[in-house]
Amino acid sequence: MLNKTRRLSALAVLTLTASMALTACGGDDDGGSSDGGSGGGGGDSSSMTMIPKSLGNPYFDASTAGAQRAAGEFDATVEEVGPGAGDAGPDSQVEYIQTATQQGVGSLVISANDPAALCDSIEQAQEVDIKVVTFDSDTECRDVFVSQADAQGIATKQIELIADQIGGAGDIAILSAAANATNQNEWIKLMEEDLAANYPDINLVATVYGDDDDQKSFDETAALLQANPDLKGIVSPTTVGIAAAARYLQDSEFKGKVALTGLGAPSQMKTFVEDGTVTEFALWNPDQLGYLAAYTAQALVNGDITGEEGDTFTAGELGEYTVGAEGVVVLGDPFVFDAENVNDFKF
Ligand code: RAM
């Protein structure tokens, strides 16, 4: 099935559950349980190929671990393949989709580096009845997208955090991931709209791209600060970018003067919170995102869902989920981390 638009902001499922991404909901049944083939996945219905944006990113290490935990619960296997760090080009994942298609896996679970460039290869997989789930970053062609949180909520939260941290006025910049990343681009667009509508005294002076590569993100931060001496704050909606920017700020004259927030993994950010480089940032639980994506793929393979709005399935310990408009399943709300709680999480 084709899903041409992915305006996640329309989703009412933001309030899915109060516990959302950070605690398991205590669901009691294993909706992905399967004899491995009743719904007719393409090939080996118990094998799943997981393709993150790139390998070596702790965020995707966590989502793959979550998928593997889920697969263990319904007797499937997960193989993770994908481009190396910093290789986030639009076509970088095509070869992995093609290989998995030739291998005849049951499902593909992908965080896409581009909304359109993967679609020829995804459609070839779908032609042989391989089920395709995107998670984290969507494409225009898939059966279901498992979204980490409502895009509007993610954008609003980041702007709220930076506005608080710079006292509501001044120049800010965005340090993003790859220039084509579906998820970051959606959030950036919504952040720009929020700034224009609600924050007349904050100016977004630059948006730069670190490609989810640590060194490139570090260098882009340095260049940003040199080019914009009056910068008051940086928003980095990527776990790789925010950690690299924090490392730069930590040893620079800008520490404590230029605010930094965005989307970070607590395990990578805690030293920067402890030493005052960063005060607050947000994220969801990537382990649970991978877990939910794997259960969603298996529900498709089993024929429990087709991806139609209103389809329901049970995702192991996370409980019951409903497919929303445009084939989207939402994990929950973003969560804010600070000095009080940053040490409480493993991811
Ligand atoms: C990075 C990736 C991922 C994004 C997180 C917040 O790890 O770009 O796609 O969701 O940051």
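If you're wondering where the values come from, they're calculated on a predicted model, not measured in any experiment. Ligands are counted one by one from 1 in listed order, and the atoms in each one are counted from 1 as well.
Within the structure, salt bridge (Lys or Arg N to Asp or Glu O under 4.0 Å) contacts touching residues 62-72 (residues at least two apart or in different chains) are R69-D287, R69-E317. Sorted by first and then second residue, the salt bridge (Lys or Arg N to Asp or Glu O under 4.0 Å) pairs with a member in residues 209-218 read D211-K216, D214-R247, K216-E220; sequence neighbours excluded.
Within the 4.5 Å cutoff, the side chain of Y295 has heavy atoms near those of the E73 side chain.
Annotation: F345 is in aromatic contact with F335 [ring centroid separation under 6.0 Å].
A salt bridge does not link K346 to D344: none of the charged side-chain nitrogens sits closer than 4.0 Å to a carboxylate oxygen.
Partners of E280 by salt bridge (Lys or Arg N to Asp or Glu O under 4.0 Å), not counting sequence neighbours: none found.
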Can you produce the list of protein nitrogen or oxygen atoms under 3.5 Å from a nitrogen or oxygen of ligand 1, alongside each distance?
{"unit_1": "ligand 1", "atom_1": "7 (O)", "unit_2": "N57", "atom_2": "ND2", "d": "3.0"}
{"unit_1": "ligand 1", "atom_1": "7 (O)", "unit_2": "T239", "atom_2": "OG1", "d": "2.6"}
{"unit_1": "ligand 1", "atom_1": "8 (O)", "unit_2": "K53", "atom_2": "NZ", "d": "3.1"}
{"unit_1": "ligand 1", "atom_1": "8 (O)", "unit_2": "Q184", "atom_2": "NE2", "d": "3.0"}
{"unit_1": "ligand 1", "atom_1": "8 (O)", "unit_2": "D212", "atom_2": "OD2", "d": "2.6"}
{"unit_1": "ligand 1", "atom_1": "9 (O)", "unit_2": "K53", "atom_2": "NZ", "d": "2.8"}
{"unit_1": "ligand 1", "atom_1": "9 (O)", "unit_2": "D136", "atom_2": "OD1", "d": "3.3"}
{"unit_1": "ligand 1", "atom_1": "9 (O)", "unit_2": "D136", "atom_2": "OD2", "d": "2.5"}
{"unit_1": "ligand 1", "atom_1": "9 (O)", "unit_2": "N183", "atom_2": "ND2", "d": "3.0"}
{"unit_1": "ligand 1", "atom_1": "10 (O)", "unit_2": "Y59", "atom_2": "OH", "d": "3.3"}
{"unit_1": "ligand 1", "atom_1": "10 (O)", "unit_2": "D136", "atom_2": "OD1", "d": "2.5"}
{"unit_1": "ligand 1", "atom_1": "10 (O)", "unit_2": "N183", "atom_2": "ND2", "d": "3.3"}
{"unit_1": "ligand 1", "atom_1": "11 (O)", "unit_2": "T239", "atom_2": "N", "d": "2.9"}
{"unit_1": "ligand 1", "atom_1": "11 (O)", "unit_2": "T239", "atom_2": "OG1", "d": "3.4"}

